[in-house]
Amino acid sequence: MATISGKHTSFWIDSTTTTNFPSLTEDVTVDVAIVGGGIAGITAATILKRQGKTVAVIESEEIIKGTSGHTTAKLTSLHQLIYADLIKEFGEEKAKIYADSNQAAVEQVAQWVKEGNIDCDFSRQDNYTFADTAEKLPQVEAEVEAAIKLGLPASLVTETTLPFPVAGAVKFTNQAQFHVRKYLLHLAQQLPGEGSHVFEHTRVTEVEEKDPCEVTTKLGKVFATDVIVATRLPITDAGLFFAKSFPNRSYIIGTYIDPEKAPEGMFIGFGEDYYSFRTTPHNGKTLLLVGGKSHKTGSVSETKDNYLQLEEYTRAQFGVEEINYRWSTQDMVSFDTKVPYIGKLTPLNNHVYVATGFSLWGMSKGTLSGMILADLILGKDNPWADFYDSTRATPFITKQSIQKNLEVGKSWILDRFKGLQDNSFEAVVNGEGKLVTIDGDKVAAYRDDQGILHAVSAVCPHLGCIVNWNDGEKSWDCPCHGSRFSCDGKILDSPAVKELEAYQIK
């Protein structure tokens with residue numbers, strides 16, 4: 001197989017310093033505990049502290065290194081094609097709530113950047129969703145009509161600065177892009193002190209609503225009047241959000257490009273195999289980010305091919321030679337017309353809140369989540385809260401939800417037959433991950449390039465599905481609900497809170 005190019009890390013993480021917030025060392029008490037150090041959690045924490053609440057942001061590894069650190073960082077209310085569908089499913093009034101709230105989130109970030117003079121490469125940009133074929137043009141036209149009806153800054157264009165022709169595109173003016181990690185690091189640095197904290201390398205294992213609520217970690221407890229769980233997919237199964245959404249992975253590469261050849265604005269296609277584009281400044285140069293090749297987590301093992309296909313496409317379209325970065329990311333996609341779930345964990349909860357199902361547009365949705373949850377905790381009326389209510393009746397029975405949940409059931413049953421034909425570690429060659437059955441145990445085995453074998457249980461500790469190898473990330477990915485693990489079983493992505501058990505090689 002051809003070698004993948006580029007440094008295997010997110011540009012946003014590579015271009016910023018590492019954080020060194022402390023771990024929890026003893027039990028603490030705050031007004032609000034926030035599980036998850038991404039854009040939703042840090043936004044909520046910022047608002048709450050400014051309103052006089054003490055907060056504790058609790059992150060299992062380092063803050064802003066999850067989905068928020070692996071995004072394309074487009075800050076916009078144009079989310080591919082969604083407004084025509086929203087009007088059809090919910091009506092014009094509710095579709096306008098989606099439009100207004102996401103546009104307000106763009107302006108909230110802009111306001112904080114200006115107030116704090118945050119150096120985060122914030123710039124106003126036009127954003128486009130384009131049709132690459134004439135057959136797709138009617139969908140673009142319908143989206144423009146719907147967006148204009150909702151008061152959004154939309155228009156139909158037939159020409160862009162992309163190096164290839166388009167049949168047409170939805171254009172939203174005055175949107176934005178930024179360096180999300182620089183932005184969030186600035187906010188996070190303002191949080192500690194005056195009874196508030198940011199804890200890193202502190203994995204939460206349980207959240208219980210009591211008086212006060214208890215957030216249990218491996219290092220101690222955090223007691224709080226209210227708790228926000230903002231961990232992409234909630235680490236607690238209450239609320240059944242794992243059945244209301246599905247995990248999606250996508251891939252990004254970065255390449256330095258001649259500014260004269262770089263597209264102006266932010267772009268994304270739609271359909272089965274779409275691509276995303278934007279640029280960002282770095283050290284006097286222009287870095288082009290190209291994303292795409294998305295798929296349900298755990299459904300593809302040969303993910304190296306996705307990087308290679310992105311490389312080939314980018315070289316052909318933009319004439320670049322060197323690929324400088326590559327990384328992948330994961331999102332939860334809501335079955336409810338991609339509308340996120342924001343609010344109480346369950347109807348029985350009064351002090352535990354969640355935000356999930358951002359459906360690949362977490363910069364605006366994560367920000368509006370923080371705004372809504374802060375208002376709920378502060379007892380303020382929020383005009384968007386009812387629409388996004390996480391306990392709302394949701395359409396479990398849709399074509400997409402049936403398909404994805406059938407896939408979960410199929411994986412749970414059929415994946416147990418994987419590896420039955422291999423009952424020896426000798427079947428695992430250097431550089432390969434493979435499921436094998438040893439003495440009746442399902443084992444996930446990886447042999448590194450030096451020939452050292454890494455063996456762990458293949459059973460995901462979340463709900464018992466069998467993990468699948470991911471050769472591009474050298475990880476074990478759960479095809480049911482998106483938990484991911486390193487080759488040694490360490491947790492890379494929730495909802496799992498326990499590692500894959502190490503298998504003792506005899």
Side-chain angles (χ1 to χ4, degrees), residues 18-69 112 181 183-236 238 342-345 349-356 366-367 369-380 390 491 494-495 497:
T18 58
T19 52
N20 59 353
F21 292 102
S23 301
L24 181 67
T25 56
E26 60 183 4
D27 293 354
V28 300
T29 300
V30 291
D31 293 324
V32 186
I34 299 168
V35 185
I39 191 166
I42 292 174
T43 299
T46 299
I47 296 171
L48 289 165
K49 185 173 182 184
R50 291 183 181 188
Q51 292 296 313
K53 296 287 188 180
T54 56
V55 299
V57 175
I58 313 163
E59 172 57 46
S60 61
E61 297 296 335
E62 295 176 23
I63 61 169
I64 326 164
K65 282 194 173 181
T67 299
S68 295
W112 281 354
R181 194 165 152 81
Y183 166 75
L184 290 176
L185 283 173
H186 177 91
L187 297 182
Q189 287 159 2
Q190 315 305 311
L191 293 175
E194 301 174 322
S196 293
H197 313 266
V198 175
F199 297 117
E200 293 186 319
H201 302 289
T202 304
R203 182 171 296 282
V204 173
T205 57
E206 189 175 9
V207 174
E208 297 176 276
E209 180 162 326
K210 296 182 176 180
D211 186 17
C213 297
E214 292 185 14
V215 179
T216 302
T217 81
K218 294 184 176 182
L219 302 173
K221 291 188 176 184
V222 177
F223 299 94
T225 303
D226 296 287
V227 179
I228 293 173
V229 181
T231 54
R232 188 187 302 110
L233 181 64
I235 57 171
T236 170
I342 307 166
K344 294 178 181 179
L345 178 63
N349 289 108
N350 292 312
H351 297 281
V352 180
Y353 301 85
V354 296
T356 187
T367 300
S369 294
M371 297 163 72
I372 291 171
L373 295 179
D375 280 351
L376 293 176
I377 288 171
L378 293 168
K380 296 182 178 181
S390 52
I491 301 170
S494 58
V497 296

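Side-chain atoms of Lys49 come within 3.5 Å of backbone N or O of Leu191 as a donor-acceptor pair. Side chain of Thr217 to backbone of Val204: no donor-acceptor contact under 3.5 angstrom is found. Between the side chain of Ser68 and the main chain of Ile64, no donor-acceptor pair closer than 3.5 Å is present. Between the side chain of Ser494 and the backbone N or O of Thr231, at least one donor-acceptor pair lies under 3.5 Å.
Two residues are said to be in side-chain contact when any heavy atoms from C-beta on lie closer than 4.5 Å; Thr54 and Val32 fail this criterion. Put simply, the side chain of Glu200 reaches to within 4.5 Å of the side chain of Ile63, judged on heavy atoms. Side-chain contact between Thr202 and Lys218 is absent, with no heavy atoms from C-beta onward closer than 4.5 Å. Side-chain contact between Arg203 and Leu219 is absent, with no heavy-atom pair separated by less than 4.5 Å. Side-chain atoms of Val198 and Gln190, non-hydrogen and from C-beta on, never get closer than 4.5 Å to each other. With a 4.5 Å cut-off on side-chain heavy atoms, Ile228 and Val35 do not count as touching. Pro192 has its side chain within reach of Phe21: a pair of non-hydrogen atoms, C-beta onward, lies under 4.5 Å apart. Between Leu24 and Ile58, the closest side-chain pair of non-hydrogen atoms is not below 4.5 Å.
One distance of note links CD1 of Ile372 with NZ of Lys380; it measures 14.0 Å at 0.5 Å rounding. One distance of note links CG of Asn350 with CG of Asp211; it measures 11.5 Å at 0.5 Å rounding. Taking CD1 from Ile34 and CD1 from Ile42, the interatomic distance works out to 9.0 Å, rounded to the nearest 0.5 Å. For the atom pair CD (Glu214) and OG1 (Thr29), the distance works out to 10.0 Å, reported to the nearest 0.5 Å. Rounded to the nearest 0.5 angstrom, Asp375 CG and Gln51 CD are separated by 8.5 Å.
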From CA spacing to verdict: side chain to side chain contact (heavy atoms under 4.5 Å, CB included), Asp27, Val222: CA-CA 6 Å; Asp27 293 354; Val222 177; over 6 Å; no

Test side chain to side chain contact (heavy atoms under 4.5 Å, CB included) applied to Tyr353 and Val227, step by step: CA-CA 6 Å; Tyr353 301 85; Val227 179; over 6 Å; no

Working for side chain to side chain contact (heavy atoms under 4.5 Å, CB included), residues Ser390 and Ile342: CA-CA 5 Å; Ser390 52; Ile342 307 166; 5.7 Å; no

Check against side chain to side chain contact (heavy atoms under 4.5 Å, CB included), Trp112 and Thr43: CA-CA 10 Å; Trp112 281 354; Thr43 299; 4.0 Å; yes

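The two atoms that bring Ala355 and Leu373 nearest to each other are CB-CD1, 4.0 Å, heavy atoms only. Closest non-hydrogen pair, Ile47 versus Gly370, comes out as CD1-O, 4.0 Å. Shortest non-hydrogen contact noted between His351 and Glu209 is N-OE1, 3.1 Å. When all heavy atoms of Lys344 and Asn349 are compared, the closest pair comes out as CD-O, 2.9 Å. Nearest heavy atom pair, residue Glu61 against residue Ile491, reads OE2-O, 4.5 Å. The two residues Phe223 and Pro212 make their nearest non-hydrogen contact at CB-CG, 4.0 Å.
Side-chain contact check for Asp31 and Thr225: no donor-acceptor pair (N or O, by modelled atom type) lies under 3.5 Å.
Contact check on Glu59 versus Lys65 returns no salt bridge, with no Lys/Arg side-chain nitrogen under 4.0 Å from an Asp/Glu carboxylate oxygen.
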